[in-house]
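Right, one structure below, let's go through it.
Each ligand, and each atom within it, is numbered from 1 in the order the structure gives.
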Amino acid sequence: MDVGNLRIHFAIFLSVLECCVGQQALPPGPVSGMLAGNVTFPTNSPQSPAQQFLTITWTFKSSIGPVPVVSSLPTLNNIPAAYEGRVTVNRTTGSLELRQLTLSDSGVYAVNMVTEKGVTLTGETNLDVYAPVSEVTATANTTSPVEFNDTVSVTCSARGSKLFFKWLNGTSEIVSGGRVSLSNGNRTLTISSILRYDSGPLYCNASNVFMTRRSVNVTFDVYFGPDNAVMTTVPQNNLYTTGSNLTLSCSALSNPPAELHWAFNGNLLVQVGSQLKLDSTLESQSGNYSCWAYNSKTQRYKPSGSSQITILQKISGANLTGPSGPMIAGNSSANLTCQAKAGHIDSREWLKNGKTLSPSDTVTISADKSSVSIKPVQVSDSGEYLCKLTNRVSNDNAVYKLIVSYGPGNVKVDGKRAVEVGTRVELKCSAESVPSATFSWAFNDTARNVITPEYIIDHATYKDTGRYTCVASNHVTGLNASFVHTLSVKEEGSLPGELSSGAIAGIVIGVLVAIVIIAVVVKKVMKKRNFHQLEMCAGPRKTNERIESPY
Ligand SMILES: *[C@@H]1O[C@H](CO)[C@@H](O)[C@H](O)[C@H]1NC(C)=O
Ligand SMILES: *[C@@H]1O[C@H](CO)[C@@H](O)[C@H](O)[C@H]1NC(C)=O
Ligand SMILES: *[C@@H]1O[C@H](CO)[C@@H](O)[C@H](O)[C@H]1NC(C)=O
Ligand SMILES: *[C@@H]1O[C@H](CO)[C@@H](O)[C@H](O)[C@H]1NC(C)=O
Ligand SMILES: *[C@@H]1O[C@H](CO)[C@@H](O)[C@H](O)[C@H]1NC(C)=O
Ligand SMILES: *[C@@H]1O[C@H](CO)[C@@H](O)[C@H](O)[C@H]1NC(C)=O
Ligand SMILES: *[C@@H]1O[C@H](CO)[C@@H](O)[C@H](O)[C@H]1NC(C)=O
Ligand SMILES: *[C@@H]1O[C@H](CO)[C@@H](O)[C@H](O)[C@H]1NC(C)=O
Ligand SMILES: *[C@@H]1O[C@H](CO)[C@@H](O)[C@H](O)[C@H]1NC(C)=O
Ligand SMILES: *[C@@H]1O[C@H](CO)[C@@H](O)[C@H](O)[C@H]1NC(C)=O
Ligand SMILES: *[C@@H]1O[C@H](CO)[C@@H](O)[C@H](O)[C@H]1NC(C)=O
Ligand SMILES: *[C@@H]1O[C@H](CO)[C@@H](O)[C@H](O)[C@H]1NC(C)=O
């Protein structure tokens with residue numbers, strides 16, 4: 001043996017050794033194929049295209065023993081009936097193509113290849129034939145769970161071999177943790193204490209190495225609520241006048257939508273629904289309103305906050321009544337009472353002649369301010385009284401004019417005390433009195449038929465001398481008061497300061513005559529005298545132009 005032959009033999013020896021230790025003819029498996037599909041078992045270290053294997057033998061190691069698949073010689077292929085038409089061997093690489101796979105083709109395949117140089121290569125690998133993924137379904141044990149209360153489990157099932165499962169929430173994969181857990185090889189998704197946000201859609205992906213199929217979407221109609229029950233009032237206010245139309249609205253977050261009930265002062269009303277209409281309201285409808293949201297699925301109630309609604313009638317027909325009989329100063333007492341025909345009165349205010357009425361020794365305002373008592377009335381109590389009635393939605397006023405009667409007082413007669421005979425005499429009597437006094441006159445204690453304040457004598461005679469008594473009467477107070485005026489009639493000319501009409505006429509005529517006489521005299525003098533004399537008379541001024549100049 002030369003060294004070259006030795007080397008070859010050593011190589012053969014080594015390869016035989018390798019065969020038994022490494023089975024290096026095939027890459028590590030397994031080889032996968034789809035049911036009804038084709039698969040190729042690849043080999044390692046293919047020969048150069050020019051060199052072919054002498055023999056290639058593929059064997060299926062079934063449970064009942066080895067079954068030949070193909071035995072390939074350079075000139076013929078030996079294929080048993082079970083593999084007829086289903087196998088092809090590549091004589092260059094030794095690889096086997098197996099077609100129209102059935103599930104029973106799964107198992108261990110062994111190869112034995114002999115090279116032209118007589119080297120035997122062997123190997124084993126696994127074939128996995130996969131049934132396709134189909135009929136992926138996801139089934140929940142409930143699709144309408146109650147929030148917080150219920151645990152939901154959804155199970156994914158599918159046909160196919162070597163399946164694995166994933167659960168998806170939208171596009172993101174669901175992993176175990178918190179309320180969510182995966183079990184049963186990731187087939188079953190369990191969500192405990194389900195929340196409204198868990199409604200989905202969820203789906204499962206069932207996969208094998210060849211394919212993935214998804215289930216239909218699973219959604220949960222999670223019953224929740226009611227939450228956030230809120231009541232609103234239109235128009236938005238707390239205070240309304242009677243006759244207003246109000247609409248109370250209620251809403252709540254709830255699935256299914258909540259039944260909305262209404263409560264008034266804590267008692268449920270018969271009305272149900274999202275709106276409570278109060279038309280042409282009455283004061284008796286004032287009170288506390290609230291709504292109750294009820295979810296029959298979750299069997300939970302939720303009250304809204306309550307709203308205190310006040311309905312007030314406007315004050316109308318304010319009426320200030322006072323005494324109807326006469327009021328006599330210092331004697332009568334007056335009761336002013338302020339009422340209204342309709343409307344609750346919150347506050348009352350009293351004004352007298354536009355200013356706040358203040359109580360005094362004689363003026364008492366009742367505690368509730370509904371009446372004012374004046375006892376006794378005084379002159380200063382006269383005036384216009386106003387009472388102002390107010391409530392939160394309106395106000396109204398009423399007035400009363402209080403007239404306090406008094407007098408007569410301070411009776412006096414104006415007129416001359418002494419006159420000349422023949423002259424006119426006018427006496428005027430006055431008195432302070434409410435109502436105005438009536439007057440009567442007496443002369444020397446004898447009543448005269450004069451009932452005017454004035455007593456007139458056109459031409460006084462001596463007989464008119466005497467005492468004139470004016471009696472002032474107030475028919476309301478029933479009081480009289482008098483004043484005595486003394487008149488004396490004197491002879492003509494006896495009263496220096498007093499000129500009769502005749503005398504006045506005489507004086508006027510006398511004065512006129514005197515002026516005429518003077519004028520005549522002056523004219524005569526001017527004719528007789530020259531300018532110089534006149535100038536001397538007028539003084540040392542030089543120019544006569546100045547005297548005449550203004551005209
Ligand atoms: C399997 O191989 C046959 C023959 O080469 C071919 O007609 C068929 O389409 C192949 N099938 C698949 C699923 O590749
Ligand atoms: C055998 O495999 C080799 C390498 O993949 C390829 O080039 C050749 O065409 C194949 N021979 C046949 C007959 O298919
Ligand atoms: C659904 O399955 C889970 C887990 O088995 C269980 O806890 C839950 O009570 C079930 N829910 C219903 C509505 O049956
Ligand atoms: C499933 O839900 C997704 C949203 O996550 C949606 O885009 C998709 O159209 C749904 N598929 C079906 C079949 O309803
Ligand atoms: C289940 O899913 C998780 C995460 O997707 C994964 O790590 C785990 O291997 C899976 N379990 C099975 C049995 O498929
Ligand atoms: C799905 O995602 C939403 C947010 O996108 C989350 O609120 C919900 O809890 C998730 N559901 C599950 C079952 O993980
Ligand atoms: C789930 O399956 C669908 C359809 O087969 C696929 O488009 C999607 O990529 C898969 N998602 C995941 C996370 O595997
Ligand atoms: C209230 O509603 C009634 C009809 O329901 C209507 O006749 C009345 O005018 C309304 N009152 C007001 C103040 O709008
Ligand atoms: C939900 O659970 C609470 C106690 O945890 C229970 O009182 C209530 O009745 C449950 N609701 C429903 C609809 O089962
Ligand atoms: C005020 O009230 C009195 C008695 O209560 C009544 O006689 C009078 O008519 C009323 N006046 C008005 C204006 O209502
Ligand atoms: C005034 O009215 C009050 C209450 O109405 C009554 O008690 C009082 O006697 C009245 N006074 C007079 C003077 O009428
Ligand atoms: C009136 O009385 C006065 C004195 O008081 C007397 O002088 C006079 O004569 C009387 N006149 C008449 C007309 O009686």
Item checked: For N245, the ligand 8 atoms whose distance to one of its heavy atoms is below 4.0 Å -> 1 (C), 2 (O), 3 (C), 8 (C), 10 (C), 11 (N), 12 (C), 14 (O)
Next item on the list: Please assess Y385 against L357 for the test side-chain contact (heavy atoms from CB on, under 4.5 Å), listing each intermediate value before the final yes or no.
Entry: CA-CA 8 Å; Y385 287 78; L357 178 67; 4.0 Å; yes
Checklist line | Proximal ligand 6 atoms for I191, defined as those under 4.0 Å from one of its heavy atoms | finding: 13 (C)
Margin query: Surrounding CZ of R179 (heavy atoms of other residues, nucleotides or ligands, distance under 6.0 Å), is the total greater than 12?
Written below: yes
Notebook entry, point to check: Heavy-atom contacts under 4.0 Å between L189 and ligand 6: side chain, backbone, both, or neither?
Noted result: neither
Margin query: For the 3.5 Å polar cut-off, considering only N or O atoms, please tell me whether D198 and ligand 6 meet it.
Written below: yes
Notebook entry, point to check: Does the side-chain contact (heavy atoms from CB on, under 4.5 Å) test come out yes or no for V136 and C156, once each step is laid out?
Noted result: CA-CA 7 Å; V136 185; C156 190; 3.8 Å; yes
Check: Looking at R196 and D227, does any basic side-chain N land under 4.0 Å from a carboxylate oxygen?
Finding: yes
Check: For the residue pair F41 and Y109, does the interplanar ring angle fall in the parallel (under 30°), tilted (30 to 60°) or perpendicular (over 60°) class?
Finding: tilted
Note to self: On a heavy-atom basis, which atom in T281 and which in L246 lie closest, and how many Å separate them?
What the structure shows: CG2-CG, 4.2 Å
Note to self: Looking at W262, I'd like to know if its CH2 atom is crowded, meaning that more than 12 non-hydrogen atoms belonging to other residues, nucleotides or ligands lie closer than 6.0 Å.
What the structure shows: yes
Notebook entry, point to check: Can you list the ligand 8 atoms lying under 4.0 Å from a non-hydrogen atom of D279?
Noted result: 5 (O)
Notebook entry, point to check: In Å, rounded to the nearest 0.5 Å, how long is the span from OG1 of T142 to CZ of F220?
Noted result: 8.5 Å
Notebook entry, point to check: Near ligand 2, which protein residues have a heavy atom under 4.0 Å away?
Noted result: N90, T93
